[in-house]
Amino acid sequence: MKKTLSRRKFLSLGGMGLAAATLAACAPGLAPSLSPTVPPNPGNDGPTSPSRPAATPTSRSAAPADVAIALAAAPATVSLFSGKPTEVWQFSGRVLEGAADALQPVPNSYLGPTFRVKKGQRLNVSFTHDLPQESIVHWHGLHVPAEMDGHPQYAINKGETFEYSYKILNRAGTYWYHPHPHGITGPQVYAGMAGFFLVSDEEEQALGLPSGEFDIPLVIQDRIFDADNQLVYRANGMMGFLGEQILVNGQPDFSLPVATRPYRLRLLNGSNSRIYKLGWSDNSPFTVIATDGGLLEKPVQRPYITLAPAERVELWVDFSNRAVGDVITLKSLSFISPARGGMMGGGMMGGGSSLELGDSFDVLTVNVTRKSDDRPKLPVRLSTIERLSPGDAVATKTVTLAMRPPNGWTLNGRSFQMTAVAPEERVKLNTIEIWEFVNDGGGRGMMGGGMMLPHPMHMHGEQFQVLDRQISRSGRRAWQDLSQGFVDEGWKDTVLVMPGERVRVIRRFADFTGLFLYHCHNLEHEDMGMMRNFEIVAPSS
Ligand code: C2O
Ligand code: CU
Ligand code: CU
């Protein structure tokens with residue numbers, strides 16, 4: 001635990017931006033200096049911490065499943081560039097029971113296999129790893145019991161196994177999975193550990209959306225490689241990690257061959273810290289059909305898409321009126337960065353990356369390579385979304401996002417403690433609450449030293465709805481540069497909270513009691529402790 005604290009302090013020193021401290025590289029093949037500092041159960045400093053559950057194959061007998069999967073993580077190599085292969089940490093999987101296509105490998109990539117499951121199915125996953133530090137898998141966006149959610153208290157060491165068993169309660173949508181051990185989530189995701197988790201249901205199937213090879217999940221990530229093609233993890237506590245090379249589905253210079261017909265493109269920002277402002281090179285608008293928690297009620301248009309870490313959007317992209325040979329580029333457009341004349345002023349908070357937040361660059365190239373006469377129709381109506389009403393909320397919770405030296409980024413002034421829950425972090429089972437995320441520098445304002453950066457706030461468990469946003473005068477300019485790209489119409493589990501902004505979300509807390517996490521999904525902020533538990537409590541307790 002002492003060592004965890006010292007790492008946290010290190011991060012927060014970098015966080016002050018005065019020294020722009022560089023995190024020791026943790027990617028495989030690089031200085032393994034972080035690994036020995038990870039105690040078996042870091043940060044387990046809550047006064048009532050239960051002892052670590054014995055996560056061995058014999059500790060639970062899994063319920064009979066529709067799909068059973070063996071999932072492993074281990075060091076691996078992948079050829080991304082000519083020359084030396086790149087050392088990564090990679091998920092790999094095997095279907096033990098159920099449909100063989102429940103797992104689909106992503107070829108030539110460090111990405112984990114894509115899960116494809118159906119709502120209502122029971123899924124068993126037996127997770128083991130061969131890594132030099134602890135790990136655990138979290139199913140981002142899924143509504144599962146607390147013990148199945150990949151809370152860092154359940155992290156396992158090399159050779160141990162954690163048995164997951166849960167029913168898929170979520171509606172159809174683009175979810176994903178990634179590690180969640182405390183303090184080292186950023187470097188583990190960076191090293192390659194992430195994958196898609198796609199859920200389908202009958203409502204979605206009935207729509208006849210483009211499927212099979214015309215339904216394409218695309219994860220956007222940024223990385224730095226050294227001259228030997230090896231990953232370099234250089235993060236600081238302010239901006240987090242900003243890479244210099246964009247990868248899509250784990251590949252540099254990604255190009256997508258398409259036919260002249262409509263596609264369903266599922267975009268995930270799987271980057272540690274980078275926010276994208278996605279736009280087409282010919283300025284075509286986007287037609288969005290789904291967000292984090294699945295389909296919207298009806299398609300919506302956007303001039304560009306703002307995608308913060310962990311957020312997803314699904315696009316309907318029609319290439320019907322393109323010609324074979326056409327090339328279209330998906331770019332990240334420039335925007336006012338907090339690191340440059342934004343809330344942080346004068347470039348002092350640069351990430352030390354040659355691609356700063358807000359810089360413009362290409363993300364991927366679409367090559368129209370063949371003709372097709374398939375013309376599936378964009379449905380006018382996609383789904384029905386029950387609107388949660390503020391009048392039904394039993395409480396409003398305010399969460400202030402602020403830098404509090406020496407702790408770094410905090411939530412209501414607190415850092416993560418493994419099992420600690422403050423009184424205001426308790427929620428009654430089967431109720432609805434409003435949570436208000438306030439990014440105002442802790443009330444001190446910019447002049448009072450309250451630093452502000454964008455924070456993509458994520459809640460585990462059920463999806464939420466964005467009720468409203470309010471932006472301060474001083475934050476308005478940077479906000480307006482990104483806000484037309486927000487898609488707040490549907491269910492979400494991650495929402496970008498800009499400097500000077502307050503965002504109110506509303507959600508239900510049903511089905512499961514126990515400890516769940518809420519945190520900033522800038523993974524370096526999360527690792528620094530910008531994460532807390534909330535506890536769902538049964539009325540009688
Ligand atoms: Cu995608 Cu708690 O995380
Ligand atoms: Cu999550
Ligand atoms: Cu943050």
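All figures in this text were calculated on a predicted structure; none of them were measured in a lab. All heavy atoms count here, side chains included; hydrogens, waters and symmetry mates do not.
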Value for CE (Met528) from CG (Leu523), rounded to nearest 0.5 Å, stands at 12.5 Å

Checking the side chain of [X] only, and the main-chain atoms of [Y] only, is there a donor and an acceptor separated by less than 3.5 Å?
| X | Y | result |
| --- | --- | --- |
| Thr86 | Gln230 | no |
| Asp292 | Tyr175 | no |
| Asp527 | Thr185 | yes |
| Asp326 | Ala323 | yes |
| Arg274 | Gly243 | yes |
| His138 | Asp149 | yes |
| Thr329 | Lys331 | no |

Looking at [X] and [Y], does any basic side-chain N land under 4.0 Å from a carboxylate oxygen?
| X | Y | answer |
| --- | --- | --- |
| Glu386 | Arg508 | yes |
| Glu433 | Arg507 | no |
| Glu244 | Arg234 | yes |
| Arg261 | Asp373 | no |
| Arg171 | Glu202 | no |

With no hydrogens and no angle check, do the side chains of [X] and [Y] hold a donor and an acceptor under 3.5 Å apart?
| X | Y | value |
| --- | --- | --- |
| Asn367 | Thr369 | no |
| Glu524 | Tyr233 | yes |
| Asn522 | Ser273 | yes |
| Arg116 | Gln104 | yes |
| Glu203 | Ser383 | yes |
| Asp493 | Gln463 | yes |
| His143 | Asn170 | no |
| Arg266 | Thr174 | yes |
| Glu501 | Trp479 | yes |
| Glu311 | Tyr276 | no |
| Thr287 | Gln301 | yes |
| Glu356 | Ser337 | no |

Shortest non-hydrogen separation from [X] to [Y] and the atoms involved:
| X | Y | value |
| --- | --- | --- |
| Phe196 | Asn249 | CE1-OD1, 4.2 Å |
| Ser372 | Ala259 | CB-CB, 3.8 Å |
| Pro454 | Leu496 | CB-CD1, 3.9 Å |
| Pro179 | Val189 | CD-CG2, 3.8 Å |
| Gln251 | Pro107 | NE2-O, 3.3 Å |
| Ala73 | Phe91 | CB-CD2, 3.9 Å |

Q) Crowded around Lys118 NZ? As in, over 12 foreign heavy atoms under 6.0 Å? A) no

Applying side chain to side chain donor-acceptor pair (under 3.5 Å) to Gln90 and not counting sequence neighbours gives none

Could you give me the CA-CA distance, side-chain angles and deciding distance for Tyr518 and Trp435, then say whether ring pair (Phe, Tyr, Trp, His ring centres under 6.0 Å) is met?
CA-CA 11 Å; Tyr518 66 104; Trp435 284 44; 5.0 Å; yes

Can you confirm whether [X] sits close enough to [Y] that some side-chain heavy atom of one is under 4.5 Å from a side-chain heavy atom of the other?
| X | Y | value |
| --- | --- | --- |
| Ile471 | Gln480 | no |
| Pro262 | Leu378 | no |
| Thr306 | Phe335 | no |
| Val466 | Glu489 | no |
| Leu453 | Met239 | yes |
| Glu526 | His180 | yes |
| Leu388 | Leu467 | no |
| Arg502 | Val497 | no |

Is the distance between the ring centroids of [X] and [Y] less than 6.0 Å?
| X | Y | result |
| --- | --- | --- |
| Phe115 | Trp139 | yes |
| His455 | His519 | no |
| His521 | His140 | yes |
| Phe241 | Tyr190 | yes |

Residues Leu307, Val313; criterion side-chain contact (heavy atoms from CB on, under 4.5 Å); working and verdict:
CA-CA 8 Å; Leu307 207 61; Val313 285; 4.1 Å; yes

| request: Kindly indicate, with the supporting measurements, whether the criterion side-chain contact (heavy atoms from CB on, under 4.5 Å) is fulfilled by Val219 and Val248. | output: CA-CA 5 Å; Val219 52; Val248 173; over 6 Å; no

Applying salt bridge (charged side-chain N to carboxylate O under 4.0 Å, His left out) to Asp282 and not counting sequence neighbours gives Arg322

In short, ring-ring contact (aromatic ring centres under 6.0 Å, His included) pairs touching residues 289-327 with sequence neighbours left out are Tyr263-Phe319

Could you walk me through whether Thr398 and Thr400 pass the side-chain contact (heavy atoms from CB on, under 4.5 Å) check? CA-CA 6 Å; Thr398 301; Thr400 298; 4.3 Å; yes

**Message:** Set out, in order, the CA-CA distance, both residues' side-chain angles and the distance that settles salt bridge (charged side-chain N to carboxylate O under 4.0 Å, His left out) for Arg469 and Asp488, then state yes or no.
**Reply:** CA-CA 10 Å; Arg469 296 170 177 268; Asp488 290 342; 2.6 Å; yes

